[in-house]
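Naming convention: chains lettered A, B, ... in sequence-line order (proteins, then strands); numbering from 1 in each chain. This one's a predicted model, so the numbers in the text were calculated from it and none came from an experiment.
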Amino acid sequence: MSDKSRNSYEQTFQIGRTLARNIMESSDEEILSDNPETQLFSSKTSGELIYERALNTIKQTKEKSVPELKAFNLADFMLIGINAAAARHKLTTLSAANDPSLQLVASQVDELTDTDVIRIYKDLLASGVFKL
Amino acid sequence: MDINLIENELSENTLSVSEIRARLDSLSSDKVKWIKLEKAANYLCLGLPISGGDLLHIVLCKALEGKRKCRKDLPIEVFIYGAMESLIDSLIKKRRKDPLNHTLQVAEDNDSNDVELLNKTLDTPEAELIAKQTIQYFKELFKNDEKLQSILLYQMDGSSPLDIQNKMNLTAVQYASALKAIRRKYEKLETGNHE
């Protein structure tokens, strides 16, 4: 028998694993008789403290991994489902408004591109000109 | 078999993360189980530059993250112990210099990241020295008891419990009793309670 055929780590692991299994296979009564103080103390065992530390680690990991939520934007929300044609129609209703600049937009709405129509409509939603 | 069927079957037979958490929570009323896990973790890290506490912490985190599957019929402490043993076993196997062993005994996917992390702690001359000193310590400790020393040497050589029993002509009960004697003597010296 040669103990040089395995490296030191393997040798210590062979011993450690055998003794660890022996512990796990021992009855609770045996463990208690080896550790009589266990029955007496009411404080937590180091195993329980390690479990609490693990719970904290998981909690912190989860908190770090929650993605940052984009701020809610009512204008973006109201824009859902609105196409350029619908936005263009909405803008034409501004001609009845008292604000001269809005009347100007309404009068020129046919000359605006779809992108500009959507952008102006969104700005007006954000500024509260259009209500829900 | 369809991969989805296998996955469904696996999920039916394994605990969810919340079930694992509930079972671990329930262990708080059973201090002996925690003591067993602490001691077993310390033994698994014998001669390694890793503490039993750190090993237990790593494995508990993996279980709580759902990265370890636990069969429903398995006691939770046995599951945690098995995960700890598997992790250290993977670490030791990975360190084998023999290229054939590397090919045959690849670390499990479950363990590979943790093995990489722990492996760094073994790559020092100090760590190697600690392992050698631990072996020497055990040999010295049992030099006056031929039977216990032989059991230890057979263990270091990788003999299975059954092989050791056959080679030494021991019954299972005698073998278990000898292991307890080894464990108790070691623990008494470690805690300073000399006879």
When rounded to the nearest 0.5 angstrom, what is the spacing between CD1 in B:Ile130 and OG1 in A:Thr12? 10.5 Å
Chain B heavy atoms under 4.5 Å from A:Thr57: which part of the residue, side chain, backbone, both or neither? side chain
Specify the closest pair of heavy atoms between A:Met24 and B:Ala40, including all atoms of both residues, with the distance to one decimal. SD-CB, 3.9 Å
Chain A contacts, top residue of B:Lys132, B:Glu38, B:Met84, B:Glu65 (heavy-atom pairs, under 4.5 Å): B:Glu38
According to ring pair (Phe, Tyr, Trp, His ring centres under 6.0 Å), does anything in residues 38-85 of chain B pair up with another residue at least two apart or in another chain? List the pairs. B:Tyr43-B:Tyr186
What residues form a side-chain hydrogen bond (donor to acceptor under 3.5 Å, both in side chains) with A:Asp114, not counting sequence neighbours? A:Arg88
Rounded to the nearest 0.5 Å, how far does CZ of A:Arg53 lie from SG of B:Cys61? 8.0 Å
Relative to chain A, which of B:Leu152, B:Asp54, B:Val78, B:Leu24 shows the most heavy atom pairs under 4.5 Å? B:Leu24
If you compare all heavy atoms of A:Asp28 against all heavy atoms of B:Lys33, which two are closest, and at what distance to 0.1 Å? OD2-NZ, 3.0 Å
Sort B:Asp25 into side chain, backbone, both or neither according to what part of it lies under 4.5 angstrom from a heavy atom of chain A. both
Residue among B:Glu85, B:Glu77, B:Lys39 with most heavy-atom pairs under 4.5 Å to chain A: B:Glu85
At a 4.5 Å cut-off on heavy atoms, which part of A:Ile50 comes close to chain B: side chain, backbone, both, or neither? both
From B:Leu37 CG over to A:Glu48 CD, what is the distance, rounded to the nearest 0.5 angstrom? 11.0 Å
In terms of heavy-atom proximity below 4.5 Å to chain B, should A:Leu49 be classed as side chain, backbone, both, or neither? neither
List the steps, then state whether side-chain contact (heavy atoms from CB on, under 4.5 Å) holds for A:Arg17 with B:Asp89. CA-CA 9 Å; A:Arg17 180 170 57 184; B:Asp89 188 39; 3.9 Å; yes
So, do B:Met156 and A:Glu10 sit near enough that their side-chain heavy atoms are less than 4.5 Å apart? no
Close contacts, residues 173-184 of chain B versus chain A, judged by heavy atoms under 4.5 Å: B:Tyr175, B:Ala176, B:Leu179, B:Lys180, B:Ile182, B:Arg183, B:Arg184
Between CZ of A:Phe13 and CD1 of B:Ile88, what distance do you get to the nearest 0.5 Å? 7.0 Å
How about residues 162-171 of chain B versus chain A: which residues have heavy atoms under 4.5 Å apart? none
Return the CG to NZ distance between A:Leu32 and B:Lys31, rounded to the nearest 0.5 Å. 11.5 Å
Max heavy-atom pair count under 4.5 Å with chain A, selected residue of B:Val59, B:Leu56, B:Ile151: B:Leu56
Rounded to the nearest 0.5 Å, what's the gap from CD1 on A:Ile31 to CD1 on B:Ile35? Could you check? 8.0 Å
Kindly work out whether a path of hydrophobic side-chain contacts (I/L/V/M/F/W/Y, heavy atoms less than 4.5 Å apart) joins A:Ile58 to B:Ile20. yes
